Every structure is written in structure tokens, then in C-alpha cells.
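These numbers were taken from a predicted model, which means no experiment stands behind them. A note on names: the letters A, B, ... follow the listed sequences, proteins ahead of strands, and every chain is numbered from 1.
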Amino acid sequence: MQVRVQAAPFDFGAEAGAFAQGHTTAGAIVTFCGVVRDDGPAGLERMEIEHYPGMTERALEQIATQAMDRFALDDCLILHRHGPMRPGETIMMVATAARHRAAAFAAAEFLMDYLKSRAPFWKKEIARDGASWVAAKDQDEAALARWTGED
Amino acid sequence: MQVRVQAAPFDFGAEAGAFAQGHTTAGAIVTFCGVVRDDGPAGLERMEIEHYPGMTERALEQIATQAMDRFALDDCLILHRHGPMRPGETIMMVATAARHRAAAFAAAEFLMDYLKSRAPFWKKEIARDGASWVAAKDQDEAALARWTGED
Amino acid sequence: MIEVLYFAWVRERIGLPRETVDTNAATVADLVIELKAREDRYAAAFTDLSALRVAVDQKLADFDAPLAGAREIAFFPPMTGG
Amino acid sequence: MIEVLYFAWVRERIGLPRETVDTNAATVADLVIELKAREDRYAAAFTDLSALRVAVDQKLADFDAPLAGAREIAFFPPMTGG
């Protein structure tokens, strides 16, 4: 299990490959990678992600530990950037390793749903015509609801 | 959209990285990688995957096209090996790129569910004490059922 | 004349991967009856049709699918890809 | 004495990322009342508490959470990670 919070860009392919290679008892590896969308010349110039140093690491460790237990994972990885990033750059990734695919998929979605709404990151979009904080979506809160009350 | 069927090993990290880099309008990339599990010294010596040349490519193209349409994907990839492979080796992978994570996850699971039960591959496990064809699982057929009757 | 292909344990039981069959069978099921009548190894392979899948011209089909115009029939166990 | 942190647009409205506050407030909600009374920029940041989240000592908490023993309170909008 590994949690990393960093400003520096990361190489999604290299991270995914390294994660997958470590786990010969897991038959299923799932990864998710979030990318800053390029909405064309009229769109986004850059994104800035603010976070809460200290709490961020604690929250991510807690989410990862929960996923390990709940889905009996062989391993999982959360890697999340903060600071400025341009369209096309990777924002974050998760990876899960499990014996079978259902658990690997469910765990990756669980990690993403918790990350979206419970880890202290805030996205600001800077476009040519102004900057704005990304609003939390009702659907992200709804996505989280599917994991509660089932334990 | 890309479909590849090959005997040669592939580098999951390199494939995942190349897939992710091509898509700046997609915010979400999901990959799945299937690995031959290493069950220890008493377990599997190797796996052999037989397939139906011609039909395999047709079936995978069809599954990929369905996923592209159904989940409005920016892109998807299916890469599946045949022939002999040892524990720890990658068997296959899928990758999906979509605007948002829900579609990317759902499409990757859809691809896997169809691949498991509708693409003409057959796995044979060769252990120290004998060889056997892997039996299809009821739960794989059940997994497929969640995608039908909803269109 | 029709090409008949066998995969996985169906291939192993029958002992060959493909053969050309001269048949006037109207459906896949009729072809299976002809094949079972040939030799024990065919009868053994086709004992339980519920354990078999069939493709007509590289598309999954039912056992009551017609053979008219078909060039290639394949018999195999349920698939185990992924 | 308690450290109070602000993030995202809460930080921008109040105009600083953190400050040390001398308070005897019993709960987070009481602290908010004290802060709102200070200046318009605080009142503006805390207008709609339903749009805010709070962490006590780096753990998500409710506005009625007690402050006894707490060292660090953070106010911020709903999180948008991932």
C-alpha cells in the first residue's frame, strides 16, 4: 500500500507498470488516471490544485487502508498531485491489485469516490476569461452513498 | 479504437502510458490488466490459451465498437495474448478513455465481462500434477447479464 | 462440403483441430447427430450439448441454426477469455 | 489559542491562509459566530454554512463539534479531488 502527494508530474505508464509487476499473486490489476482535459483554444489555460498538507496524507492513508480491508486487496496505490498543471497533464492515479477482477474494479471505484469528496483537495480552473473554483457535484456525493450502510 | 491479438508478451506499463497520452479531451482513463497468478511451488507451471483465429478478432472488434457507442468513449483498447505463458506474465489488458470516470469504469467492466464469456479464448492450466481446461464460471455469465436488457 | 473446427477439450476428445465434412444436414443439431454416429470419440465429445457452444461462420449461434450457405462450423466449450 | 486555517475560496474571501485565534468558543459553531463578528470579509466567507466543511485537528467534523483540546480548525468548501 502506498500513498503519495506531490507537486511534480508523474509518468502514469511507468507507475502503472511498476505497480503491476510487483504482484504475482494478484490476477487482476485496475488503474484509474485523471487527466486535465484540454477544451481547446477557448478553454482552460491551467488548473491549480490546493490541498491541506498533513490532513491530505492522513485522509489518503485512511481511504487506502479501508479499501485494502474491504476488498481484500493484495495492494493499492494512490498518487495525487497539487499545484499548477496544464491541459493534458496527469492529475492523479489509483491502482488496485486483487485476486479477481470484481474486487479490483470495485476497490478502484471506491478509492475514486472517496478521493473526490473526502480528501482535502480543491481544484481551481484558470481560463482565458477568468478563474473559478470547481464546484462539488451532487453526483459525486451520490456515488459515495453506494459504499455506506453496506459494511 | 484498437484491438490486438498476439502471442508475444506485452509491456502493460508502456501500453497503458501510450494509451493515456493520446487523449487530451478525455479526463478519465481506466485500465485493466490480467496476470497469470503464481500459486507457489505446488501450483501452476504455465497457462496455455487457445483461440479461434479470425473469429477472435471479429468478436473483439464487435465488443470494442459496442463499448465505444454505449459509453460514448473517446477511445478504447483490447489487447489479448494466446499461446503459452508463465505465472507473473500479463495475459491481456483493456483500456478506456472517457470524459468522466463513471463511463470509463463502466466501459472497462463491460469489455471485461464480454471478453470473459463471449470472445473465443480457452485457458488451459498446466500444473505439476496434470493439466486441465479452466471451466467457465456461473458468476461470469451473471456479470454479463447486468449489461443486457438495458439498451 | 463444410469446414468443421474443434477447440479446447472438444478438439482433444475428437483428436483433430478441423476437418472437411460432406453433409446435407439442415441444422447444426442435424450435423451433430451425423458426427456422433461416426465414432465413439465424436459421441464422447458431443455427449452433453449444454456444455458446448457453436459458431456458424465465426458468429455464435444456436444448435437449431440452419446450415444452408454456411462454410465454417466450430464447436467448443464455454469461453474463458480475459 | 487555536490555529485556524482557510482553504480555496474561503481563504480568498478572508484574505489569509491561517491565523492564530484567541478564543473560548465551546464549539466550531461558536467560533464561527466570533469570526463573523470581526469583519465583513469573515461574514462574507461564513454566510452559508451549508456550503462549508470543517476539520478539527485534520479530521472532518460537524459544526457542533466541541473545541476543547483542539489545536487546529480548518474551514473550506466541499472537496473536489480526484
Is the backbone of D/G81 close enough, under 3.5 Å, to the side chain of A/H80 for a donor and an acceptor to pair up by distance? no

From the list D/E72, D/K59, D/Q58, side-chain contact (heavy atoms from CB on, under 4.5 Å) partner of A/M55 resolves to D/Q58

Near D/D48 CG, under 6.0 Å, is it more than 12 heavy atoms from other residues, nucleotides or ligands? yes

Step through the shown structure and confirm whether more than 12 heavy atoms of other residues, nucleotides or ligands are within 6.0 Å of CZ on D/R38. yes

Using a 4.5 Å cut-off on heavy atoms from C-beta on, say whether the side chain of D/E12 contacts that of A/W133. yes

Tell me, for D/A8 versus chain A, whether the close heavy atoms (under 4.5 Å) come from the side chain, the backbone, both or neither. both

With a 4.5 angstrom heavy-atom cut-off, is it the side chain or the backbone of A/A135 that approaches chain D, or both, or neither? backbone

Any side-chain to backbone donor/acceptor pair from A/W122 onto D/F7? Under 3.5 Å, distance only. no

Could you measure the distance from the CE atom of D/M79 to the OG1 atom of A/T56? Nearest 0.5 Å is fine. 10.0 Å

If I measure from the heavy atoms of chain D, does A/H82 come under 4.5 Å with its side chain, its backbone, both, or neither? neither

Smallest heavy-atom separation, A/V134 atom then D/T80 atom, equals O-CG2, 3.4 Å

Can you confirm whether more than 12 heavy atoms, excluding those of A/D138, are under 6.0 Å from its CG atom? no

Identify which part of A/R81 has an atom lying under 4.5 Å from any heavy atom of chain D, answering side chain, backbone, both or neither. neither

Under a 4.5 Å cutoff for heavy-atom pairs, which residue among A/K137, A/E48, A/K124, A/M112 has the most contacts with chain D? A/K124

Under 4.5 Å from any heavy atom of chain D, what part of A/K123 do you find: side chain, backbone, both or neither? both

Heavy-atom count around A/R86 CZ within 6.0 Å, excluding the residue itself: above 12? no

Report which part of A/I49 has an atom under 4.5 Å of a heavy atom belonging to chain D: side chain, backbone, both, or neither. neither

Is D/R11 close to chain A through its backbone or its side chain, or both, or neither, when contacts mean heavy atoms under 4.5 Å? side chain

Return the orientation label for the A/Y52 and D/F76 ring planes: parallel under 30°, perpendicular over 60°, tilted otherwise. perpendicular

Does A/Q21 have more than 12 heavy atoms from other residues, nucleotides or ligands lying within 6.0 Å of its CD? no

